[in-house]
Amino acid sequence: MAQQMWAGRFAKTIDQAANDFNASIRVDCRMYRSDIVASIAHAGMLGAQGIIDPRDAERLQQGLADVLADLESGALQIDPQAEDIHMFVEQVLTERLGDVGKRLHTARSRNDQVATDLRLHLMEQIDEIDGAIGALAAQLVEQAERYADDIMTGYTHLQRAQPISVGHYFLAYVQMLLRDCDRLADCRRRTSVCPLGACALAGTTYPIDRQATARALGFAAVGANSIDCVSDRDFVIELAADVAMIMMHLSRLAEEVILWCSSEFGYMELDDAFATGSSIMPQKKNPDIAELVRGKTGRAYGNLMTLLSVMKGLPLAYNKDMQEDKESIFDSVDTVLACLRILTPMFAGAKLRTDVMAKAAEKGFINATDCADYLTKKGVPFRQAYKTSGQLVAYCIAHGKSLNELSLDEFRSADANFDEDIYRAIDLRACAASRISEGGGGVASVRSQIAQCKLALQARTE
Ligand code: ARG
C-alpha cells in the first residue's frame with residue numbers, strides 16, 4: 001500500500017481492511033479520462049493565472065497526457081490498492097514528474113474534482129444512451145413502415161378492442177422513446193454546470209479563473225455556489241430517474257414481444273440468433289432477451305431508490321456517503337445501454353405473422369364500434385346506436401357468427417336504418433383506414449406519423 005497523502009497528520013498508516021472498505025478505485029476507475037482531462041484544464045488555468053509557473057503547468061499537462069496515453073495503450077495499469085482514481089492519477093504523475101506533480105492539486109479539492117469528473121463522464125454517457133435510443137427508435141419506425149398496410153387488433157384491458165394499422169402499434173413506442181431523448185437532453189443541460197474551483201466547499205484564496213476551466217472542458221455554465229457545487233448530486237438522480245423511465249418503456253415493449261411470441265398470440269417469430277432453447281424441452285424457443293430486459297428494469301428502479309436514499313438527510317457539503325453514487329448510476333447506465341443495444345438487432349431480425357394478426361382481428365367483434373358509428377352517421381343518437389350494436393354482438397355470440405356474417409334482414413330487425421353499405425362500413429380494412437383523425441390508427445395517419453417521427457429523430461442529432 002502506498003503511503004497516504006495525508007500521512008503528515010497521522011501517526012499510523014491506515015489499517016488494510018479500513019483501506020479496502022474506504023477505497024472506490026474499483027468503481028471510479030472508469031472515470032480516468034474525465035479525471036485527466038479535467039486536470040489538464042486545471043493545470044492550464046493555474047499556469048495562465050500565474051498561480052504556478054507556466055512552464056510547470058505545461059509539464060503537468062504533458063505528464064497528464066502521457067498518463068492518459070499509457071492507460072489507453074495498456075502500458076500503465078490502474079493500481080487496485082489506490083484509494084480512488086483521483087489519488088491514483090496524482091500519485092503516478094508525482095512519481096513521474098517529482099515536485100512538479102505535487103503542484104497540480106493547488107486550488108482544488110477532491111470534492112470539486114469528483115463532481116467535475118462525474119458530470120463530464122455522465123454527459124458522455126447521456127450522449128451514448130441518446131444515440132442508442134435513436135437507433136432503436138429508427139428500427140421501430142422501419143417496422144412501422146414495413147407493416148403500415150397490415151391490420152391488427154388494438155387492445156384495451158388486453159381484450160380485443162378496435163382495428164388498427166400494425167405500424168400504429170410500433171409508433172406508440174417511438175413516441176415514448178422520443179420523450180426519453182427529450183428528458184435526457186434536459187438532464188444533460190443541468191449536468192453541464194462546472195463545479196471545478198469550488199474546492200473543498202468554500203472556494204479558494206487563489207485568483208483562479210473558473211470560467212476558463214469550464215469553457216476548456218465544454219461545460220455550458222459555472223456552478224454559482226461553491227457549497228452546492230460539491231454537495232449536489234441531483235444530476236445523478238435525474239439521470240437515474242430518466243433511465244428508470246426508459247427501462248419502464250423497454251420493459252413494456254419486451255412484454256409485447258413475450259406475449260406475441262407465445263403460441264396463444266403467435267404474432268411474432270424471433271430470429272433464431274436472438275432466441276434460446278430449453279435444456280429439457282426440445283420444442284421450445286424462448287424470448288430470453290426480452291425477458292431479461294423486463295427483469296433488468298428492476299435494477300434501474302432499485303438504483304434510483306438507492307441514490308435517493310443515499311442523499312436523503314445529508315448535511316452540507318460533501319460527505320463520504322456520496323461515494324456510493326457511482327456504483328448505482330454506472331449500473332443504470334450500463335444496463336440501459338445493454339438493453340437498447342440488444343433490442344435493436346432483435347427487432348431487425350424478428351418477423352411478424354401478419355396472417356395470424358389479420359385472422360385474430362376477425363374474431364372479437366372489433367368492428368362493433370364502427371357498426372354503431374354507421375348508425376350514428378345515419379342520424380341515430382350514439383348511445384342508441386351503441387346499444388343496437390351491442391345487441392347484434394350478443395345475437396352473433398348466441399348464433400356463432402361474426403357481424404359480417406349477418407344477413408341484411410338480421411341487421412334490419414335490430415334497426416331499420418341498416419342498408420347494403422353496412423358490409424363495407426364494418427370491413428376491417430375499411431374500419432382501420434377510416435380512422436382518419438390526427439394521430440389515429442388508420443393507414444394515412446400512420447404514414448404521416450412515420451414522416452414526423454423521422455424528422456424528430458433527425459432533429460435530435462442536429
Ligand atoms: N472517492 C471519492 C468519491 O467518490 C472522492 C472524493 C473524496 N473526497 C473526500 N473528501 N474524501 O466521492
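Treat the numbers as computed from the prediction; the structure is a model and nothing was measured. All ligand and atom numbering here is 1-based and tracks the order in the structure.
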Determine whether the side chains of Q162 and Y155 contain a donor N or O and an acceptor N or O closer than 3.5 Å.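 Not at all, the side chains of Q162 and Y155 share no donor-acceptor pair under 3.5 Å.
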Test item: side-chain donor near acceptor, R108 and H105, under 3.5 Å: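 Judged by distance alone, the side chains do pair up.
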Relative to the heavy atoms of [X], which atoms of ligand 1 are at a distance of less than 4.0 Å?
X    : value
D84  : 1 (N), 2 (C), 5 (C)
Q323 : 1 (N), 2 (C), 3 (C), 4 (O), 12 (O)
S24  : 1 (N)

Ion pair check, [X] and [Y], cut-off under 4.0 Å:
X    : Y    : value
R30  : E124 : no
R233 : D325 : yes
K359 : D355 : no

For [atom], the protein heavy atom that lies nearest, with its residue and separation:
atom                    : answer
atom 10 (N) of ligand 1 : N111 OD1, 3.0 Å
atom 12 (O) of ligand 1 : Y318 OH, 2.5 Å
atom 4 (O) of ligand 1  : K326 NZ, 2.6 Å

For atom 11 (N) of ligand 1, which of R110, M31, E324 has the closest heavy atom? R110
For the backbone of R189 and the side chain of S192, can you confirm whether one donor and one acceptor N or O come within less than 3.5 Å of each other?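 No, the answer is negative, given that no donor and acceptor are paired below the 3.5 Å cut-off.
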